[in-house]
*Asks:* 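Please find one structure pasted underneath; my questions will follow.
Just so you know, these numbers use all the heavy atoms, side chains as well, and skip hydrogens, waters and symmetry mates. Numbering of ligands and ligand atoms starts at 1, following listing order. Here the structure is a predicted model, which is why all the values come from computation and not from measurement.
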Amino acid sequence: MTKAAFVAVAGRPSAGKSTLVNLFCGHTVAVVSPVPQTTRNAIRGIVNRPQGQLVLVDTPGIHISQKKFNLRLAETALRALDKADLILYVLDASRPPGPEEEAIAAALAPRVAANPGVSANPGIIAAINKIDLSGADPGRAGDFLRLHLPALPDQFCFPVSAKNNQGVEILLDTLFELAPWGPSFYPAEYYTDQEIDFRIAELIRGEAINRLRQELPHSIYVEVADREFRNGGAGGVETRRLWVRAFIICERESQKGMIVGRGGALIKAIGEAARKELNRIFDWKVELDLRVKTGKDWRHNDGVLRKIMDR
Ligand SMILES: Nc1nc2c(ncn2[C@@H]2O[C@H](COP(=O)(O)OP(=O)(O)OP(=O)(O)O)[C@@H](O)[C@H]2O)c(=O)[nH]1
Ligand SMILES: [Mg+2]
């Protein structure tokens, strides 16, 4: 018998949730960027080990705000918590906790199994992340956890650096230990279950937001409008080609120019980086036709939000 669990990965925006998920899965399954609220969906990354399989569910950072867009993100995160067997709570040791962290801890507190004792399963474990930073104060995060999640024993709180791959192995071992016994959910060669169009769109969005400034990363989404697999061959060499047409969609007409860049330089750089990454992931020769268009005020449009967030 092997272990199998869904593990929701939750915490504040930018705590390092996606970085940890990518590290554990050994592949980039979720976009990482310095911009808070990078993740917009519950994204599953699969960890296969001799002990069994963990399905890590990366979630949007929970940010307290009444804006429609932020409420949808928080809803997605909370829904993932409800469906999970275990929760991995990620805290950023370099930032003081404050009201946002308190609100998340309050949402998690009822989910810590009451009176877990020393060896029982608390249902939640904590990763105190970014301990590599000079301003990190893991002791402060530990005190915060003792105060706000008193039922969570210290032995389930792990100081880590997702960036430097430090302290993470014992955290993963503990997740496997706490996971229930059961058959795997996915075949062992899977590291994610994302649909192909979503994977492509996210990859392009990742390349874009890591090159855009100010409010622009929040103002875009990516849509794959069309794609086609083409078999080809020249000189007797069989090639498999993937042709993709995608749009980066911004909120206002005035933003288009900033995404296109001078002489088209920025959109070209985004497209080229995304194409290379797609080539690598899919092992096909990829042609990417990337364009920019406006979807006026899409962040206030329920239809668009449903399309990109309800997955
Ligand atoms: N120094 C340091 N930086 C880290 C570490 N883990 C993540 N980061 C950085 O923190 C930023 C946010 O990381 P993400 O993994 O995107 O954070 P997230 O929690 O998924 O953020 P959202 O999706 O916005 O909720 C990125 O710039 C990461 O490179 C760490 O252990 N040390
Ligand atoms: Mg994320």
Side-chain angles (χ1 to χ4, degrees), residues 7-45 56-65 67 69-81 87-95 97-98 100-101 103-105 107-108 126-138 141 157-172 192 194 198-199 201-203 205-222 299 308-309 311:
V7 183
V9 184
R12 287 165 93 178
S14 272
K17 300 177 293 299
S18 301
T19 308
L20 261 181
V21 168
N22 290 342
L23 180 70
F24 285 146
C25 297
H27 295 270
T28 304
V29 299
V31 175
V32 166
S33 94
V35 180
Q37 296 190 294
T38 291
T39 304
R40 293 175 174 171
N41 305 85
I43 293 176
R44 287 187 278 276
L56 301 180
V57 185
D58 191 9
T59 65
I62 298 172
H63 170 61
I64 305 167
S65 149
K67 285 188 185 160
F69 185 71
N70 294 323
L71 289 170
R72 297 286 294 240
L73 292 178
E75 247 173 60
T76 300
L78 295 174
R79 227 180 8 247
L81 295 182
I87 295 170
L88 173 58
Y89 176 22
V90 185
L91 296 92
D92 181 344
S94 71
R95 292 174 66 199
E100 194 169 70
E101 197 74 77
I104 296 170
L108 294 179
I128 300 173
N129 191 29
K130 306 199 187 182
I131 58 166
D132 58 285
L133 291 174
S134 58
D137 188 348
C157 304
F158 300 88
V160 302
S161 166
K163 187 178 172 196
N164 292 352
N165 196 350
Q166 199 185 339
V168 292
E169 206 47 42
I170 178 163
L171 179 104
L172 191 62
T192 189
Q194 295 168 48
F198 179 72
R199 191 92 202 275
E202 281 291 274
L203 203 143
R205 190 171 67 91
E207 296 298 342
I209 63 178
N210 277 295
R211 287 173 173 80
L212 297 172
R213 299 278 162 268
Q214 292 160 7
E215 188 47 14
L216 272 175
H218 296 295
S219 302
I220 63 157
Y221 72 97
V222 175
R299 268 192 287 179
I308 65 173
M309 288 170 142
R311 301 175 25 84

*Asks:* For atom 6 (N) of ligand 1, grab the closest protein heavy atom and report residue, atom and distance to one decimal in Å.
*Replies:* Asn129 ND2, 3.2 Å
*Asks:* Would you mind listing which atoms of ligand 1 come within a distance below 4.0 Å of any non-hydrogen atom of Leu133?
*Replies:*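 Close to Leu133: 1 (N).
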*Asks:* Ignoring hydrogens and angles, tell me if any N or O in the side chain of Asn129 forms a donor-acceptor pair with the backbone of Lys17 under 3.5 Å.
*Replies:* no
*Asks:* Please determine, by modelled atom types, if Gln37 and His218 share a side-chain donor-acceptor pair under 3.5 angstrom.
*Replies:* no
*Asks:* What residue and heavy atom of the protein are closest to atom 11 (C) of ligand 1, and at what distance?
*Replies:*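 That would be Ser33 O, 3.7 Å.
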*Asks:* Identify, by atom number and element, the atoms of ligand 1 in contact range of Pro36, meaning under 4.0 Å from any of its heavy atoms.
*Replies:* 24 (O)
*Asks:* Considering Lys130, His63, Gln166, Arg12, which one's heavy-atom position lies nearest to atom 10 (O) of ligand 1?
*Replies:* Lys130
*Asks:* Give the numbers and elements of all ligand 1 atoms closer than 4.0 Å to a heavy atom of Pro34.
*Replies:* 27 (O)
*Asks:* Could you confirm whether Thr38 has any N/O/S atom lying under 2.8 Å from the Mg ion (ligand 2)?
*Replies:*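 It does not: Thr38 brings no N, O or S atom closer than 2.8 Å to the Mg ion (ligand 2).
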*Asks:* Any N or O on Val160 sitting closer than 3.5 Å to an N or O of ligand 1?
*Replies:* no
*Asks:* Salt bridge between Arg40 and Glu75, side-chain N to carboxylate O under 4.0 Å?
*Replies:*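 The answer is no: the pair does not qualify as a salt bridge.
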*Asks:* Got the closest protein heavy atom to atom 1 (N) of ligand 1, with its distance?
*Replies:* Asp132 OD2, 2.9 Å
*Asks:* Would you say the side-chain atoms of Asn165 pair up with the backbone N or O of Leu23, donor to acceptor, closer than 3.5 Å?
*Replies:* no
*Asks:* Among all protein heavy atoms in this structure, tell me which lies nearest to atom 14 (P) of ligand 1, with the distance rounded to 0.1 Å.
*Replies:* Thr19 OG1, 3.6 Å
*Asks:* Can you pull out the closest protein heavy atom to atom 29 (O) of ligand 1? Residue, atom name and distance to 0.1 Å, please.
*Replies:* Val32 CG1, 4.0 Å
*Asks:* Please work out which of Lys163, Lys17, Arg40 has its closest non-hydrogen atom nearest to atom 25 (O) of ligand 1.
*Replies:*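 Nearest option to atom 25 (O) of ligand 1, by heavy atoms: Lys17.
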*Asks:* Can you sort out which atoms of ligand 1 are near Gly16, meaning under 4.0 Å from one of its heavy atoms?
*Replies:* 7 (C), 13 (O), 14 (P), 15 (O), 17 (O), 18 (P), 19 (O)
*Asks:* Could you tell me if Asn210 and Ser33 have a donor-acceptor pair between their side chains, going purely by distance under 3.5 Å?
*Replies:*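 Looking only at side-chain atoms, Asn210 and Ser33 do not form any donor-acceptor pair under 3.5 Å.
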*Asks:* Below 4.0 angstrom from a heavy atom of Gly61, which ligand 1 atoms are there? Numbered from 1 as shown, please.
*Replies:* 25 (O)
*Asks:* Let me check your reading of the structure: within less than 2.8 Å of the Mg ion (ligand 2), is there an N/O/S atom from Ser18?
*Replies:*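 So Ser18 does bind the Mg ion (ligand 2) by this criterion.
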*Asks:* Ignoring hydrogens, just give me the one of Ser14, Pro217, Ser134 whose non-hydrogen atom is nearest atom 22 (P) of ligand 1.
*Replies:*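 Checking each option, the heavy atom nearest atom 22 (P) of ligand 1 is found in Ser14.
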